[in-house]
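Working notes for the structure below.
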Amino acid sequence: MTFLPVPEQMELIRRGTEEIIPEDELMQKLVWSRETDTPLKIKLGCDPSRPDLHIGHAVVLRKLRHFQDLGHQAILVIGDFTAHIGDPSGRNKTRPQLTLEEARDNAESYVEQAKVILDIDKLKIVYNSDWLDAMSFSDVIKLASKYTVARMMERDDFSKRFKSEIPISIHEFLYPLAQGMDSVELKADVELGGTDQKFNLLVGRDLQREYQQKPQVIITLPLLEGTDGVEKMSKSYGNHIGLHDSPDEMYGKTLSIPDNMIEKYFLLALDSDPNTMAEIKAQLADPAVNPRDVKRRLARELVALYYDSETAVQAEKNFDRIFIHKGIPDEMDEYLLSQKTLLVELLFNAGLTKSKSDARRLIKQNAVKLDGIACSDINYSLRPGCGEVIIKVGKRKFIKVIG
RNA sequence: GGGGAGAUGGCCGAGCGGUCAAUGGCAGCAGACUGUAAAUCUGCCGGCGUACGCCUACGGAGGUUCGAAUCCUUCUCUCCCCA
């Protein structure tokens, strides 16, 4: 393996990163790697407690992929043991603790999804329970003695919670130490993570020093906000664009992001090169260009990235038909009408509303349309023999009733 | 170990023993306007019934009362102060 010259490697590595700490150490490592023809060990920890990947996760996975493309050794650490502890990062509540078995099952699905981004054949996958589970209580105490409470409290999340009198469990202090031990175990050269992981990544450096290793360089990546443009993308906020979302969903959700997120999405979600970024920036600054069109390009390219360009064009067409021309989708679920059914009943049974009361509310609010005509009668019912009726609920829920 | 405060609907946060399905804010949903953007306006926002109705709910379990989210007992959990 011959490695690219360091400056060229650095250019790709820097793209879209928040911080590289310390940058000169990274360059030294790259120089050394090139001279000795040894790939660097790039560590990325993943949390298998929530295995549904979205394009927010993809940001850091893409960075790992960059390193793979540069010929370095990517190591995915499945945090099965740490998921068992519950990472407090970015939470004001303690996360649920999974059993090791649950964590392992989730990990499989995680890797399955990550395949879209990573070169799976060259990826090294390790489970941190392999070494963490083997530690004895006295090992843990010895480890814990290497860090102080004051240093732990430097972490923003902990100090905030402490100030606002929100509980912090002792085991949460152990989380960064456990993650740091992963770096020691792997002798990682570089560790990647979101900006919310900065503290944990830095602890890895400290612990490696304690264990007479060369400390890892840490690279943090910005957190991508979700479709609301405010909270970081997360399934629990309901603002995520899943890697496995259908092309239509992916396209539509992307168009729903606020305009001020367009640039960030091009950079982080699409991993655009500097030339493209300059172009996008210019377009957004140009009053003659409607930001919507830039966003449409974003949505198209995003779908093309995870599917292909043909699918992306189709997704755009579908979108235009449904939302711009107020048409109906090609495909929708069907509901077979076997007997006279109250509309309210039907909406609920078909899963279009979360309860019958909800269905009634929506009908009263003119949100339910039968073949394009709003129905505000909560007593309306359909009977067999009425033929095909397309029911639309709200902006995007459709069902075809066959009666 | 001692003393004090507190646990309310997705979150924050009000709540005089009856008029509380529970003020308000956020989030969410729908309608209008749009570009599934932003801003704005309107309505909804526990479940079941087309209404005045019923059921479930204010940390858990008991109790007082005609009646409790509101009072008492106890349990669980959390925070603060002192040691």
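The sequence lines fix the lettering, A, B, ..., with proteins before strands; numbering per chain opens at 1.
- Checked against a 6.0 Å centroid threshold, the rings of A:F173 and A:F158 count as neighbours.
- Pair assignment for B:rA21 gives none, since no Watson-Crick or G-U wobble pairing has each distance under 3.5 Å.
- With A:Y127 as the aromatic partner, A:R104 meets the cation-pi criteria of under 6.0 angstrom to the ring centre and within 45 degrees of the ring axis.
- The base of B:rG43 is paired with the side chain of A:Q365 by a donor and an acceptor separated by under 3.5 Å.
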Discussion item. Set out, in order, the CA-CA distance, both residues' side-chain angles and the distance that settles ring pair (Phe, Tyr, Trp, His ring centres under 6.0 Å) for A:Y306 and A:H244, then state yes or no.
Written reply: CA-CA 9 Å; A:Y306 289 104; A:H244 279 16; 9.1 Å; no

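- Counting non-hydrogen atoms under 4.0 angstrom, A:S357 reaches a base of the nucleic acid.
- No contact: A:I322 has no heavy atom under 4.0 Å from any strand.
- When the shell of 6.0 Å around NZ of A:K198 is examined, it contains 12 or fewer heavy atoms from other residues, nucleotides or ligands.
- When the P atom is used for both B:rC71 and B:rA7, the distance is 11 Å, rounded to whole Å.
- We find that CG of A:N366 is positioned 15 Å from C1' of B:rC29, with the value rounded to whole Å.
- Nucleotide B:rG28 has B:rC44 as its partner under the Watson-Crick or G-U criteria, with both atom distances under 3.5 Å.
- Taking the P atom of each, B:rU8 and B:rU23 are spaced 16 Å apart, rounded to whole Å.
- B:rA27 and B:rC33: their C1' atoms are spaced 22 Å apart (whole Å).
- Atom name C1', nucleotides B:rC11 and B:rG28: the rounded distance is 12 Å, in whole Å.
- For A:R62 and A:D271, the salt-bridge test fails: no basic side-chain N is under 4.0 Å from an acidic carboxylate O.
- When both distances must be under 3.5 Å, the Watson-Crick or G-U wobble mate of B:rU50 does not exist.
- The partner of B:rU65 cannot be assigned: no Watson-Crick or G-U wobble pair with both contacts below 3.5 Å exists in any strand.
- A distance of about 14 Å separates the P atoms of B:rG9 and B:rA57, rounded to the whole Å.
- With a 3.5 Å ceiling on both atom-pair distances, the Watson-Crick or G-U wobble partner of B:rU76 is B:rA7.
- Checking A:V393 against A:N260, the closest nucleotide of RNA chain B that is more toward the 5' end is the one next to A:V393.
- Of the charged side-chain nitrogens involved, none lies within less than 4.0 Å of a carboxylate oxygen, so that A:R14 and A:E11 do not count as a salt-bridged pair.
- Whole-Å rounding puts the A:K392 NZ to B:rU36 P distance at 11 Å.
- Remark: A:K295 is not positioned above the aromatic ring of A:Y265, lacking an NZ or CZ atom under 6.0 angstrom from the ring centre and at most 45 degrees off the axis.
- What separates CG of A:D358 from C1' of B:rC44 is a distance of 9 Å, to the nearest Å.
- One interatomic measurement links the two molecules: CG of A:L347 to P of B:rU50, which rounds to 15 Å at whole-angstrom precision.
- Checking the phosphate oxygens (OP1, OP2) of B:rG49, a side-chain nitrogen or oxygen of A:R360 falls inside 4.0 Å.
- Heavy atoms of A:R396 sit under 4.0 angstrom from at least one base atom.
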For nucleotides 78-83 of chain B, which of its nitrogen or oxygen atoms have a protein nitrogen or oxygen under 3.5 Å away, and what is each distance?
unit_1 : atom_1 : unit_2 : atom_2 : d
B:rC79 : O2'    : A:E165 : OE1    : 2.8

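- Applying the 3.5 Å distance criterion, the base of B:rG35 shares a donor-acceptor pair with the side chain of A:D259.
- Backbone-only contact: A:I257 has heavy atoms under 4.0 Å from sugar-phosphate atoms and none from a base.
- Under the 3.5 Å distance criterion, with hydrogens and angles disregarded, a donor-acceptor pair is assigned to the side chains of A:Q216 and A:S183.
- Going from atom CG of A:L352 over to atom P of B:rA30 covers 12 Å, rounded to whole Å.
- Between the CZ atom of A:R321 and the P atom of B:rU36 there is a distance of 15 Å, given to the nearest Å.
- Remark: P of B:rA37 and CD of A:E263 are 21 Å apart, rounded to the nearest angstrom.
- Applying the Watson-Crick and G-U wobble criteria (two distances, each under 3.5 Å), B:rA14 pairs with nothing in any strand.
- In this structure, of B:rU50, B:rG35, B:rC29, it is B:rG35 that holds the atom nearest to the side chain of A:R292.
- Between B:rA22 and B:rG13, the two C1' atoms lie 13 Å apart (nearest whole Å).
- For the pair A:R361 CZ and B:rA51 P, the computed distance is 12 Å after rounding to whole Å.
- Comparing the C1' positions of B:rC72 and B:rU65 gives a spacing of 12 Å, expressed to the nearest Å.
- Among the atoms of the strands shown, none is found under 4.0 Å from any heavy atom of A:K364.
- Taking the nucleotide of RNA chain B with the nearest heavy atom to each of A:D228 and A:E345, the more 5' of the two is matched to A:D228.
- Taking the charged nitrogens against the carboxylate oxygens, A:K400 and A:D333 have no contact shorter than 4.0 Å, which rules out a salt bridge.
- Ion pairing between A:R205 and A:E25 holds under the 4.0 Å rule for side-chain N and carboxylate O.
- Under the Watson-Crick or G-U wobble criterion, with both distances below 3.5 Å, B:rA57 is left unpaired in every strand shown.
- Atom C1' of B:rG49 sits at a distance of 8 Å from the matching atom of B:rG53, rounded to the whole Å.
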